[in-house]
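Here is how names work: the chains are called A, B, and so on, in the same order as the sequence lines, proteins then strands, and each is numbered from 1.
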Amino acid sequence: MESTDKPKNFIRGIIDRDLAEGKNKSRIHTRFPPEPNGYLHIGHAKSICLNSGIARDYKGKFNLRFDDTNPCAEEQEYVDSIIADVKWLGADWEDRLFYASDYFEEMYAYAVRLIEKGKAYVCDQTLEEVREYRGTIKETGKDSPYRSRTPKENLELFERMSKGEFPDGSKTLRAKIDMKHPNLLMRDPVMYRILHEEHHRTGSKWCVYPMYDWAHGLEDSLEKITHSICTLEFETHRALYDWFLDELEVFHPQQIEFARLNLSHTVLSKRKLLRLVNEGYVSGWDDPRMPTLAGVRRRGYTTESIRNFCDTIGVAKMNSIVDIVVLENSIREELNKTAPRAMAVLEPLKVVITNYPEGQEEELDAINNPEDTAAGTRKVPFSKELYIEKDDFQEEPHKKFFRLAPGREVRLRYAYFVTCTDVIKDEKGEVREVHCTYDPETRGGDSPDGRKVKGTIHWVSAKHAYEAEVRLYDHLFAERNPNDVEEGKDFLESLNPQSLETRKKCYLEPGLKTADKGNRYQFERLGYFTADPVDSKPGSPVFGRIVSLRDTWAKVSKKA
RNA sequence: UGGCGGGUAGUGUAAUGGUAGCACCGCAGCUUUUGGAGCUGCUUGUCAAGGUUCGAAUCCUUGCCCGCCAGCCA
């Protein structure tokens, strides 16, 4: 590869070699083949970025294909969400959106060819019999008694199967390979099963449906895919993939396997995510706490951040668990550069500027983004009564605490130097409000006499502040380890209780009232927040935290 | 006494026989109109034992450890 900024991995190494050898006439064609039985999650993003990234960098093509060969769990809603998510990630399939179900006719014809060749037969064994005859890891299998049917018989039976003459499970079409093969998958695998089930696209047209191993290679072959990239658990399937394509003597793509993504503290299993949705633990697949693409998008993650994340984690064949902080870092890195700053107070403490004229108001200039001068400035209203963050005041300051304390002068960001003169407490001894004096000479936050303050704190004008709702959900749904649930325990028991969403009132500078849905902000020192694209209403955005506190995660990790 | 695939700092990933690098985490210093921002620096690694070689993370042998496979799921 000529460019060094492109990701390096073993798959690109294979492609470089293939290209050097002129394989497939130096054509590169990849695909992403999800089954529409759930929403896509961050793990899928890895595959999408890998496949579409290769097509992009090598000037090849990339297909989006729905592997909809099992009507039982597949739904149009999932198809729609997957299309939206892949598009959001910026993968471009141009006009090549395909469905395995579009190939059912061709697959059928190929199956007939295999039967004619004497390489496939109709089997009447029950599920239990098939299992029993398959043998085990240590013992070889036994031939099915139906294995010796003639091609003529098989042809006739297969036709009757597809016409719906037999009930579900009564017959299968099986490849005739080797019941003693050390690889269990090669012991006469099922190619077609009978399923009198409504398919989300083909309706009731079919009642025999192809199995993954039979269908997938054909789909790849039909689309002239050059590199069929899939996850590690399909490694043992490659022998079968190759066997079918060799027997059929059709275009033969190369299957390459890589390790799927595991994220620490994160559930990345469609089955489990489906339970969270169905059992009401979350509001839906796009709940901001979900690791689905719809979820992280709603939470405030950007396309760019997910793509950078995928580049960062790399591609290999080793099973590994990527630390969740790597994901968080990817969005933090971007938002630090792009998100406008705003002042906000989550835990208010009232501050009265005693020497500020009663009823006076003024507007001060605040920088929108110190990382990006082009973002300009905005006006922030100031008045006699303010709110500051409770944490920004300590009556008896610790050694390393440089913010507000009795007798101490600090800067109100973009406003004035103030000095704390009084602390007002209630009968319980709790600090209710703090009185300060301000220095009118320090307007804007700099002192003409050059005196320095050690702390700068953020604030909002009590009178002007916009009272909004913030949601402090913690990151995703967290477990100590994704696949490491104790024996016999439900994974729900290991969910991090801090994932639970907390809603609270907060005070924001008034300009945020008109924040558009999906806008992202850095609330000074409090973190990154986004105006929820789903729950926000015009004029009253609801803000959700995008990145959770690093400290929280440190605590969780220590406990775990 | 099955088959297949893997083991590189704490984590993840490069280096296809030629200086073991990068990112995240961690630590230290500096800096900042709030830092979880910025800058600079630092610690830590080739599963083990043999072998081939001038030279091995890389090739060979043996061992150890880990993952996947016994759906009419994908």
Side-chain angles (χ1 to χ4, degrees), chain A residues 7-10 13 17 33-35 37 67-70 72-74 100 123 125-127 130-132 134-141 168-174 181-187 189-195 208-209 211-213 215-216 230-239 257 259 261-262 264 270-271 311-323 325-330 332-333 336-337 341 343 366-367 370-371 389 392 402-403 410-415 444-446 453-459 483 522 524-528 547 549-551 554 557:
Chain A
K8 267 187 189 172
N9 59 53
F10 79 98
R17 220 172 303 134
E35 182 188 12
N37 65 348
D67 205 3
D68 54 353
T69 57
N70 182 0
C72 303
E74 297 161 4
C123 181
Q125 283 189 314
T126 63
L127 210 106
V130 169
R131 187 178 302 140
E132 191 198 325
R134 181 161 35 227
T136 66
I137 277 167
K138 307 228 165 171
E139 307 154 40
T140 58
D168 286 4
S170 60
K171 283 180 169 40
T172 56
L173 181 72
R174 296 226 259 164
H181 198 107
N183 180 349
L184 289 292
L185 279 157
M186 300 297 272
R187 322 242 260 229
V190 172
M191 293 164 61
Y192 278 93
R193 75 283 215 186
I194 300 172
L195 242 35
V208 292
Y209 289 93
M211 297 287 291
Y212 168 85
D213 289 298
H216 206 87
C230 62
T231 47
L232 244 31
E233 65 268 30
F234 292 102
E235 263 173 337
T236 46
H237 293 245
R238 189 174 61 240
E257 310 86 10
L261 173 68
N262 291 304
S264 68
K270 270 191 201 170
R271 212 186 79 245
D311 285 346
T312 303
I313 59 175
V315 177
K317 298 194 77 159
M318 183 173 66
N319 294 297
S320 60
I321 302 173
V322 175
D323 197 311
V325 301
V326 179
L327 209 217
E328 294 210 324
N329 186 64
S330 72
R332 195 182 281 119
E333 186 183 40
N336 177 46
K337 295 194 189 93
R341 274 53 172 174
M343 291 200 281
I367 293 166
E371 305 282 324
E389 197 66 31
D392 287 343
F402 298 121
R403 286 165 273 161
V410 298
R411 170 168 42 230
L412 293 175
R413 192 167 206 202
Y414 302 125
D446 277 314
V453 286
K454 277 199 154 176
T456 303
I457 59 180
H458 61 157
W459 53 274
N483 306 314
Q522 185 188 121
E524 302 276 8
R525 206 172 65 80
L526 298 175
Y528 298 103
V547 185
L549 292 162
R550 204 178 279 177
D551 301 12
S557 307

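Closest-nucleotide positions on RNA chain B for A:G527 and A:L412 were compared, and the one nearer the 5' end corresponds to A:L412. Residue-to-nucleotide proximity on RNA chain B shows that, of A:A259 and A:R525, the 5′-proximal contact is made by A:A259.
The salt bridge (charged side-chain N to carboxylate O under 4.0 Å, His left out) check on A:E371 picks up nothing, with sequence neighbours excluded. A search for side chain to side chain contact (heavy atoms under 4.5 Å, CB included) contacts involving A:M186 returns A:I177, A:H181, A:N183, A:A239, A:L240, A:W243, not counting sequence neighbours. The side chain to side chain contact (heavy atoms under 4.5 Å, CB included) check on A:D168 picks up A:I194, A:H196, with sequence neighbours excluded. For the salt bridge (charged side-chain N to carboxylate O under 4.0 Å, His left out) test, residues two or more places apart in sequence or in another chain that qualify with A:D392 are A:R403, A:R525. In this structure A:K317 satisfies the salt bridge (charged side-chain N to carboxylate O under 4.0 Å, His left out) test together with A:E235, A:E257, sequence neighbours excluded. Listed by chain and residue number, A:T172, A:R174, A:M211 satisfy the side chain to side chain contact (heavy atoms under 4.5 Å, CB included) test with A:V190 (two or more places apart in sequence, or in another chain). Every ring pair (Phe, Tyr, Trp, His ring centres under 6.0 Å) that A:F234 has, sequence neighbours left out, goes to A:Y212, A:H237. Under the side chain to side chain contact (heavy atoms under 4.5 Å, CB included) criterion, A:T69 pairs with A:D67, A:A100, A:F104, A:P210, A:A215, A:E219, sequence neighbours left out. Listed by chain and residue number, nothing satisfies the side-chain hydrogen bond (donor to acceptor under 3.5 Å, both in side chains) test with A:T140 (two or more places apart in sequence, or in another chain).
Of the candidates B:G35, B:C24, B:G12, B:G35 carries the atom nearest the A:Q522 side chain, counting heavy atoms from C-beta on.
Within 4.0 Å (heavy atoms only), A:G141 reaches no atom of the nucleic acid at all. At a threshold of 4.0 angstrom between heavy atoms, the contacts of A:V410 with the nucleic acid are absent. As judged by a 4.0 angstrom heavy-atom cut-off over every strand, A:R271 is placed among residues making no nucleic acid contact. Contact annotation for A:K138: no contact, since no heavy-atom pair falls under 4.0 Å across all strands. Within the 4.0 angstrom heavy-atom criterion, base atoms lie near A:G445.
The backbone N or O of A:V325 lies less than 3.5 Å from no partner atom in the side chain of A:R332, so there is not a single donor-acceptor pair. Of the possible polar contacts, none joining the A:T231 side chain to the A:E233 backbone as a donor-acceptor pair under 3.5 Å is found.
For A:S320 and B:U13, the shortest distance from a side-chain N or O to OP1 or OP2 is below 4.0 Å.
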(request) Quick one: the dot-bracket string of RNA chain B, using Watson-Crick and G-U wobble pairs with both distances under 3.5 Å, [ ] for crossing pairs and | for bases paired to another strand. (result) .((((((..((((....[..)))).(((((.......)))))....(((((..]....))))))))))).....
Check nucleotides 38-44 of chain B against the protein and report each pair of N or O atoms closer than 3.5 Å, with its distance, or say if there are none.
none

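The glycosidic torsion of B:G71 lies within 90° of 0, placing the base in the syn range.
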(message) How would you summarise protein contacts on nucleotides 64-74 of chain B per nucleotide, using B for base, S for sugar-phosphate only and - for none, with heavy-atom distances below 4.0 Å?
(response) ---BSBBSBSB
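No N or O donor and acceptor, one from the side chain of A:R341 and one from the base of B:U33, sit under 3.5 Å apart.
Across the C1' atoms, B:A23 and B:C60 are found 34 Å apart, a figure rounded to whole Å.
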